[in-house]
Protein chains: 2
Amino acid sequence: MKIGELAKRTGLSASKIRFYEDIGLLKMVERKANGYRSYPKEAEVALNLIVSGQQAGFSLDELKALLPADLSGWQHAQLIDALKQKVMDIEQLQAKLAENKQRLTEILTEIDAKPDDMDCADNAKRVLTQMGLKNNK
Amino acid sequence: MKIGELAKRTGLSASKIRFYEDIGLLKMVERKANGYRSYPKEAEVALNLIVSGQQAGFSLDELKALLPADLSGWQHAQLIDALKQKVMDIEQLQAKLAENKQRLTEILTEIDAKPDDMDCADNAKRVLTQMGLKNNK
DNA sequence: TCTAACTTTAAAGCTCACTTTAAGGTCAAG
DNA sequence: CTTGACCTTAAAGTGAGCTTTAAAGTTAGA
């Protein structure tokens, strides 16, 4: 498979694919007699994995360390640990956001119950202070 | 509050706080007679919001569009709108995080589903092929 | 055979999110 | 009144993650 086809299949630009090779992230490539790159079909899978990893918050360097040149030489335990750590990071952030959301929803209900007798600035301060405390945890 | 104290309180560097001001992200700042920056305590809250938003994948430009310039200047109706907006923002963050988490969890599930009689190389190929198919959609 | 659409390279350029540098001004303690 | 820890600025530098450029070679189709 030439680079153009791989680019179309993965939705990535050819320059990006060459860049990943330059930095040693995508090693699954050979050269034809004419100098053109030639990719095995696993390259498509590898690139999809790279894109997924990036979307999940891995840097290219992290992915380079996690994904070996040879897919079968995969560091199983290491990869699982890294994935689990990322999931935990996300769960922590989700918990924080859920608390903030709950706080805001409660306060919205409170404000709806109170007419114009309370000072707006005080209300704002109270709301934001509570959010700040949650974020500081 | 001077910039050094705000930096300590938020755990951010002073240069980062100045940078956020430069790009128009943190507008809650005044100047003392000596030229020193002076922050209201709400600035700490605002910075915590910025950090949270960034952790959830928002760019500084997105946050700039999302966060109000002056927290204490909110009026009653505006406050309610802003809070409701913030809840929606949080829901957006949650959706983004859930997507990332889902991606990772799928990968972990695939690895866990490994049959005992399958060796590492085959398993790696199977998992990665599966991911490739999912990502192609 | 021509030509349009590929492919190659190295190097430079770009955006984002900052940090560092340099050269100075302010302030509280001793 | 000096010392050192703060604060100020503009401008340059950094690193990640690319894209663009330029100048060339290759190939598939009419």
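Proteins come first, then strands; the chains are lettered A, B, ... in the order of their sequence lines, and each starts at number 1. All values below were derived from every heavy atom in this structure, side-chain atoms included, with hydrogens, water molecules and symmetry-related copies excluded.
Here A:Arg18 lies in heavy-atom contact (under 4.0 Å) with a base.
Looking only at side-chain heavy atoms (C-beta outward), B:Lys41 and B:Arg9 stay at 4.5 Å or farther from each other. Between A:Ile17 and A:Tyr39, some side-chain heavy-atom pair lies under the 4.5 Å cut-off.
In this entry the distance linking CG of A:Leu12 with C1' of D:dC18 reads 12 Å, nearest Å. At whole-Å resolution of the value, CE in B:Met1 and C1' in D:dC7 are 16 Å apart. Put simply, CZ on B:Arg31 is 6 Å from P on D:dT8, counting in whole angstrom units. A:Ile23 has its CD1 atom 12 Å from the P atom of D:dT19, to the nearest Å. A straight line from CZ of B:Phe19 to P of C:dT15 spans 14 Å, rounded to a whole angstrom. Between the C1' atom of C:dT8 and the NZ atom of A:Lys2 lies a distance of 12 Å, rounded to the nearest Å. In this structure, the CD atom of A:Glu5 is 15 Å from the C1' atom of C:dA5, given to the nearest Å. Rounded to whole Å, atom C1' of C:dC18 lies 13 Å from atom CG of B:Leu25.
Phosphate proximity of C:dT7 to A:Arg37: absent, as no side-chain N or O sits under 4.0 Å from OP1 or OP2.
Panel note: side chain B:Glu62, backbone B:Ser59; a donor-acceptor pair is recorded below 3.5 Å. With hydrogens and angles disregarded, a donor-acceptor distance shorter than 3.5 Å links the side chain of B:Lys64 to the backbone of B:Ile23.
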Determine whether A:Thr10 and A:Val51 satisfy the following criterion, side chain to side chain contact (heavy atoms under 4.5 Å, CB included), listing intermediate values before the conclusion.
CA-CA 9 Å; A:Thr10 57; A:Val51 169; over 6 Å; no
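Distances from the side chain of B:Tyr20 to the nucleotides D:dA16, C:dT7, C:dC18 place C:dC18 closest. Side-chain atoms of A:Ser59 lie closest to D:dG17 of the nucleotides D:dT8, C:dC27, D:dG17. Of the candidate nucleotides D:dC18, C:dC18, C:dT7, C:dT7 has the atom nearest to the side chain of A:Ile3. The side chain of B:Lys16 sits closest to C:dC18 out of D:dT19, C:dC18, C:dT8. For A:Asn34, the listed nucleotide lying nearest its side chain is D:dT26; candidates were D:dT26, C:dT7, C:dA17. Of all nucleotides listed (D:dC18, C:dA17, C:dT20), C:dA17 comes nearest to the side chain of B:Leu60. Of all nucleotides listed (D:dT20, C:dT7, C:dT26), D:dT20 comes nearest to the side chain of A:Ser15. If you check C:dC6, D:dG17, C:dT19 against the side chain of A:Gln54, the one that comes closest is D:dG17.
Toward the 5′ end of DNA chain C lies the nearest nucleotide of A:Tyr36, the other residue of the pair B:Ser13 and A:Tyr36 mapping further downstream. Between B:Asp22 and B:Ala14, the residue anchored closer to the 5' end of DNA chain D is B:Ala14, taking for each the nucleotide with the nearest heavy atom.
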